[in-house]
2 protein chains.
Amino acid sequence: MDIKILRLLAANGRMSWADIGAELGLSGPAAAERVKKLEQLGLVRGYAALLDPGELGLGVTAYIAVRLDRPAHRAAFLKRIKREEAVVECHHMAGDDDYWLKVRVPDLRALEILVSDTLKSIEGVLGTRTSIVMSTVKESATPPLDHLEQG
Amino acid sequence: MDIKILRLLAANGRMSWADIGAELGLSGPAAAERVKKLEQLGLVRGYAALLDPGELGLGVTAYIAVRLDRPAHRAAFLKRIKREEAVVECHHMAGDDDYWLKVRVPDLRALEILVSDTLKSIEGVLGTRTSIVMSTVKESATPPLDHLEQG
DNA sequence: GGTGAAATTCGGATTGA
DNA sequence: TCAATCCGAATTTCACC
């Protein structure tokens, strides 16, 4: 039953308790309790507005695979990455490439600067490989919930 | 000035007009007008709750590069991908691999099923290459805004 | 275009059933 | 869990700067 609440929140952000209740045939207070429990359990990390990158002048999305000299410079590298706003995601990968960065920049010139100046000047970075996104078919802020459905 | 509003919305989701106004030294009505303008301009695509994948039992994140027989089966492939909840993102890439999928599944068994059964059974899929995320350092729902700051 | 105040409306907490 | 009430807060409207 709570999966329905998660779907509602994921699709609409913060809603009024009454509206949530109406969707599930619950009263307002009952809905409030459920949502608060979900927040306390840590299932809900927060709320956000979804901004449109294109409209913000961020025409270029790319992935950058970064090989890192291990493991001495790791901490400094990660600290630097967290500060860099253009880096939207950073994953530690199994396999050849240590880290994959998802970045958003205004144009290819900015991407060039990010890779050639910023990233390659970080100590421990042995090399990078950039893959450019031509178009995005799907980009969901919500993790899948269907695996919970059989409950 | 409106960049501050975007940052607020990105960090907190829907807020009360009064709270937004307080942050900028504006009155409630003035803040309301600004936000509505941002929404009408298409800068704000929507609002969402940020759910924690780990807490939802989605322990495995991975990227799957998919080579596709072009271009006959493209439309059907994309339609199928959009329906697949486990696929959180789908990008059309420049270079060797046609599409990169970001997927979230409960465990490696589910990943195996997704790749071997679901994806490879789609007509036109020539091959896949799966890269597993060991840990995620950074994952932001907000695009960078610092490139707008000089305004 | 922005401010301030007033009035109305709406949501949320509490109580009792 | 639901229903009802009360309180508080938020949004809208209006008049003014």
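Proteins come first, then strands; the chains are lettered A, B, ... in the order of their sequence lines, and each starts at number 1. Just so it is clear, the values below take in all heavy atoms, side chains as well, and ignore hydrogens, waters and symmetry mates.
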In whole Å, I'd like the distance from the [atom1] atom of [X] to the [atom2] atom of [N].
X: B:Met15; N: D:dT11; atom1: CE; atom2: C1'; result: 15 Å
X: A:Glu33; N: D:dC2; atom1: CD; atom2: C1'; result: 12 Å
X: A:Arg14; N: C:dG11; atom1: CZ; atom2: P; result: 15 Å
X: B:Trp17; N: C:dG11; atom1: CH2; atom2: P; result: 14 Å
X: A:Asp19; N: C:dC10; atom1: CG; atom2: P; result: 11 Å

inquiry  = Check this for me: does any side-chain nitrogen of one of B:Lys36 and B:Glu33 sit under 4.0 Å from a carboxylate oxygen of the other?
reply    =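 Salt bridge: no.
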request  = Identify whether any heavy atom of A:Gly25 sits under 4.0 Å from a base atom; if not, whether one sits that close to sugar-phosphate; answer base, sugar-phosphate or nothing.
outcome  =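 Sugar-phosphate: the residue A:Gly25, judged by heavy atoms under 4.0 Å, touches backbone atoms but no base.
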query = So, do B:Glu84 and B:Leu114 sit near enough that their side-chain heavy atoms are less than 4.5 Å apart?
reply =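 Counting from C-beta outward, B:Glu84 and B:Leu114 do come under 4.5 Å.
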query = Within the pair B:Lys36 and D:dT11, is there a side-chain N or O less than 4.0 Å away from OP1 or OP2?
reply =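 No.
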ask   = Hey, does the side chain of B:Arg34 come within less than 4.0 Å of C:dG1's phosphate (OP1/OP2), counting only N and O?
value =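 So the side chain of B:Arg34 is outside the cut-off, no N or O lying under 4.0 Å from OP1 or OP2 of C:dG1.
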query = Does one side chain, of B:Glu149 or B:His147, offer a donor that lies under 3.5 Å from an acceptor on the other?
reply =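 No.
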task = Could you check which of C:dG12, C:dT3, D:dA10 has an atom nearest any side-chain atom of A:Ser16?
result =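 Nearest nucleotide to the side chain: C:dG12.
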ask   = Counting N and O atoms only, with roles assigned by atom type, does the side chain of A:Glu89 sit under 3.5 Å from a partner on the main chain of A:Lys102, one being a donor and the other an acceptor?
value =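 Not at all, since once roles are kept as given, no pair shorter than 3.5 Å links the two residues.
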